[in-house]
Each structure stands twice: as C-alpha cells, then as structure tokens.
Amino acid sequence: MASGEVFKDEKKSLATPKVNLLTMFRLGLFQMGLSMMSILTLGVLNRVMIQEIAIPATLVALLLALPAFVSPSRIWFGQISDAKPLWGYHRTAYVWIGAAIFAIAAFLAVQVMWQLNSVANDPSGWVWNTATIGWTAVLGLVFAIYGLAICASGTAFAALLVDISEEDNRSKVVGVVWSMLMLGIIVGAIISSGLLRQITPEANIINLQGAINRLFIIVPAIVFGFSIVATLGVEKKYSLYSSRSTLTNREDSITLGAAWKILTASPQTALFFTFLLVMTFCLFMQDPVVEPFAGQVFKMPLAESTRLNVFYGTGLLIAYAVTGFLIVPRLGKRRTIRIGCVLVAFAALLLGASGFSANPSFLKLGLVLFGLATGFLTTGAVSLMLDLTVAETAGTFIGAWGLAQSVSRGLAVVAGGAVLDLGRRVLPTLELAYGLVFALEAVGMVLSISLLNRVNVTEFQTNTKQAIASILESDLD
C-alpha cells in the first residue's frame, strides 16, 4: 500500500464523527431484542418445561444452556468479522444474518418442545424411552443452532461497539446500550405476561400451546426488526476502523492463527478470562430457578412469575443509567466492579431468605435489589472488558470475552438446575433447596473480587501491542 493511501485512511479515521446519544439508544435496540429473547427462553420455556410439562430441572437447564456451550464459535465469528467483510461490512451483515436465524430457531424450538411433551406424557412422570431421547436430541440441536446465531450476531455487535467508541466515551456507550438491554427485559416480560394472561395453573395443554406459539411468533419478529433498525448505517458512518482491511492489510496479515497469538500474548488475557468465568457463573446461577421458585414456593401463576422480570429489569435499568454516566467515571471501573460483587452477594442472600417469608412482595424487592447490584457490576465489567480489547483484533478479543461469559452462563444454568434437584432430594424443604442456589452465588462473588485484583490493564495493552507489531513486521520481511 502506498504511503499516501495510508495517510488518507488515517485522516478518514480521525475525521470520523463521535457516536451521538440518539445513535447509542438506537444501537441499544439490538441489546433490547436479545434480552427479550432471553425472557422467552429462560423466563417462559424453563417454567413451562419444569412445571407444566414436568421435565427434570437438570435436563431443562442442560438444554437451555446449549446456546452457551457453542460459544467457542464466538472467537471464530469474531475473527471472521474482523477479516472478511460481508456485503462490504465487517459487522452489520453478521448481525442481521444471525438475528434472522435465531428468530426462526426460537420458534422451531417451541414446536419441538410440544412434540417432546406428547411422547413424554406419562402419569408416572418423566420416562426415558426411544421417543423422548430422540425428541430431546432434536430440541438440543435446535437450541445449539439458536446459540450459534446468537454468537455470530452478538459478537459482531459487540465488536461494532469497540469500533465506534473510544476510551473517553466508552462507559457512556455501555451505559446507554446496556440500559436498553434491561429495558428489553421489562418490555419482554410485559409482552409475555400479557399474551399469557389467560393461562391459569389449571389450563389444558391445548390452550397453553396456542398462547406460547403466538408469543414465539410475535416477539422474534419484533426482535429481528430491532436488529435491522439498530445497526442500519452505523458502521459506515461512525466506525473508527471502517478502512480496517486496507489500513492494516488485515485480511492477509492477521489470520486466525495470528489472531490467536495476539490473544494469548499477555498473561492478563487468561486472568481476565478467568475472572469473567467466575463472575458470570455466580451471577446467573439463579436464572433457571427464579420462575419455578415463584411458582412452587410462592404459588404464582405462569403470567405472574414471568412478570417478575419487570422488577429485576427495573433495577438493572436504573443501575445502567446511573453507573455508566456517574459511578464509573468517578470511582473507576475496578472499584465499581468490587462494590458490585459485594452488592450482588447481599442481594442473592436476600432472595434466598425471601422464600421463608412466603411474601411475594419480599421476593419482588429482592429482585429489584438484585437487578440494581447486577447492573452496577456488569457496567463496570463490560467497560473494563472493552479496555482489554485492541482495535486491530477487536472481533477476536470480543469473541474470547463472549466465550468466557457464555460458557460460564451455560454452566451456571446447568449448575442452578442441578443444585436445585440436589437440594430437593437432600434438604427437608423447598425453601432450603432454592436457598442453596442463592447462597452459592453469594460465595462465588467473594472469589470474583480476589481474581479481579490480579488484572492489570496496562500490562495487557503493552504485551498485546508488542505482539501485533511483531506479527505485522514478520509479514513484511
């Protein structure tokens, strides 16, 4: 490449406008859509499969965790979006294609679930036979495809946030975009609750099936529309690295092998990866058990237990709105994360204690506080995560961090269901069985703080930039 072309591309990057507040909110529509999809799977399907269909909680948790277990693909999707533009875009096209696939897969998963229910309908309870094994395998395959689509679109979207932001406005971008994610939890819970309002605990399977099918047509269609609106034109206008391929000769220089060398150049990468694993695991152990907790301990109907996400989402929304603009800039990212870990531990213990009160208001208060604490923690963690990402291989690093979060969230979902099953067998009451899940979350948060204390951003940036320079220089020799 001629030096004049390099200079021209650098001037283009310097002249790129900073992303404005309206665009931040528009980008947030994508995260809003992802959280609405999460409500459908973890907020509706887990309750239906565990309570209404009576599938063992461990099996349900394993199925719902499969989208997370395919997350090693995030590194590959991230590197591909770095190196191979699709229709002229490094990020946008991957977001759109992934969104279309996960919207379709979500509806297909529900249809397979009904088939599984029809072959597993035994008065004596769940029975393993050829039919249940076969339909369980098909359901697992559909959830895996759903997860791959989430990985493709989510990784490209997070890399886009790196491309359009700088260190001085990154916490604001995170605050706004993740606030919309939490708004999606509230909106998704309201829509789901409204469409399921007529379903009572005594409703027959035909009425339940009709309501769930309608829900899984309407919401995925809305989410796909959000994905288009959120990213349309953003990459072309705001990306600081829109000329990435020509500026760094990226497609030839930074292959998947080279990207892996950069990813592993600093020991800090492994340290932060481990921190994300532990923190996310402890943060989401309650995901598969909250709605069954409400149904079995507090005797809430399906619509009311789904609406609990409004209380959790409200806490998250408030925390994201405040933390990105006020807390992180004043306290710093690491201190914000430490305080967030302590608050999550306290809120988890409060949720566990709420079961002994038999008072739904206590549960709702605990969910609001858990949402506030989670938003406080994740705003700091995501801001630090974007700092531990270099522009030249943004997609690869985002893929790695997404891998840590997804795998640990998947393991957390399985562990939450397994701990619940174990607790129901060895503990005398349901309150203690559910309380065991929340107590383990609190313990893990303390461990997360000790891991965070070993992370050094400066060392990471120095080691990684040296690795990039070394790889690019070797290609010129």
Arg214 and Ile217, any side-chain heavy atoms less than 4.5 Å apart: no
4.5 Å side-chain heavy-atom contact, Phe30 and Met180: no
Qualifying residues under side chain to side chain contact (heavy atoms under 4.5 Å, CB included), relative to Cys282, sequence neighbours excluded: Val278, Met445
Approximate separation, where rounding is to 0.5 Å, of Gln209 CD and Met113 CE: 8.0 Å
Distance, nearest 0.5 Å, that separates OG1 of Thr155 from CZ of Arg74: 4.0 Å
Derivation and outcome, side-chain contact (heavy atoms from CB on, under 4.5 Å), residues Val414 and Leu64: CA-CA 8 Å; Val414 173; Leu64 294 179; over 6 Å; no
Side-chain donor or acceptor of Gln115 paired with backbone N/O of Trp135 under 3.5 Å: no
Between CD1 on residue Ile218 and CD1 on residue Ile222, distance to nearest 0.5 Å: 7.0 Å
Donor-acceptor contact below 3.5 Å, side chain Ser354 vs main chain Leu351: yes
Geometric class of the Phe275/Phe272 ring pair [parallel <30°, tilted 30-60°, perpendicular >60°]: tilted
Donor-acceptor side-chain pairing of Thr231 and Trp96 below 3.5 angstrom: yes
Nearest heavy-atom neighbours spanning Met36 and Gly184: CG-O, 3.3 Å
Derivation of the side-chain contact (heavy atoms from CB on, under 4.5 Å) call for Phe69 and Leu62: CA-CA 10 Å; Phe69 291 150; Leu62 183 60; 4.1 Å; yes
Smallest separation among heavy atoms of Val95 and Ser153, with atom names: O-CB, 3.5 Å
Test log, rule side-chain contact (heavy atoms from CB on, under 4.5 Å), inputs Leu349 and Glu441: CA-CA 8 Å; Leu349 293 174; Glu441 280 189 308; over 6 Å; no
Beyond-backbone contact of Leu343 with Leu377, side-chain heavy atoms, under 4.5 angstrom: no
Test item: Val344 and Met279 side chains (from C-beta on) under 4.5 Å apart, heavy atoms: no
Non-hydrogen side-chain atoms of Phe143 and Leu45 separated by less than 4.5 Å: yes
From Phe311 atom CZ to Thr314 atom OG1, the distance as rounded to the nearest 0.5 Å: 7.5 Å
Distance-minimising heavy-atom pair for Ala347 and Phe370: CB-CA, 3.5 Å
Heavy-atom pair of closest approach, residues Pro85 and His90: CD-CE1, 3.8 Å
Side-chain donor/acceptor of Ser73 to backbone N/O of Val70, under 3.5 Å: yes
Parallel, tilted or perpendicular, as decided by the 30° and 60° cut-offs, for the rings of Phe102 and Tyr146: perpendicular
Any donor-acceptor N or O pair under 3.5 Å, side chains Asn213, Trp114: yes
Backbone of Val234 reached by a side-chain donor or acceptor of Arg91 within 3.5 Å: no
Test item: Arg26 side-chain N/O and Val229 main-chain N/O as donor-acceptor pair under 3.5 Å: yes
Ser227 side chain to Val223 backbone, donor-acceptor under 3.5 Å: yes
Close side-chain approach of Val419 and Val289, heavy atoms under 4.5 Å: no
Nearest non-hydrogen partners of Pro220 and Ala106, listed with the distance: CG-CB, 4.5 Å
Under the side chain to side chain contact (heavy atoms under 4.5 Å, CB included) test, residues paired with Tyr89 that sit two or more places apart: Thr92, Glu235, Lys236
Heavy-atom side-chain contact between Leu27 and Leu160 under 4.5 Å: yes
Student check: side-chain heavy atoms of Met32 and Val187 closer than 4.5 Å: yes
Inter-residue atom distance Leu452.CG - Leu447.CG, 0.5 Å rounding: 11.5 Å
Listed once per pair and sorted, the side-chain hydrogen bond (donor to acceptor under 3.5 Å, both in side chains) pairs that draw on residues 97-109, sequence neighbours left out: none
Mutual orientation of the aromatic rings belonging to Tyr434 and Phe293 [parallel < 30°, tilted 30-60°, perpendicular > 60°]: tilted
CG on Leu384 to OG1 on Thr378, rounded to 0.5 Å: 12.5 Å
Test log, rule side-chain contact (heavy atoms from CB on, under 4.5 Å), inputs Met49 and Leu116: CA-CA 10 Å; Met49 286 193 283; Leu116 179 58; 5.7 Å; no
Closest contact, heavy atoms only, Phe77 versus Leu148: CE1-O, 3.6 Å
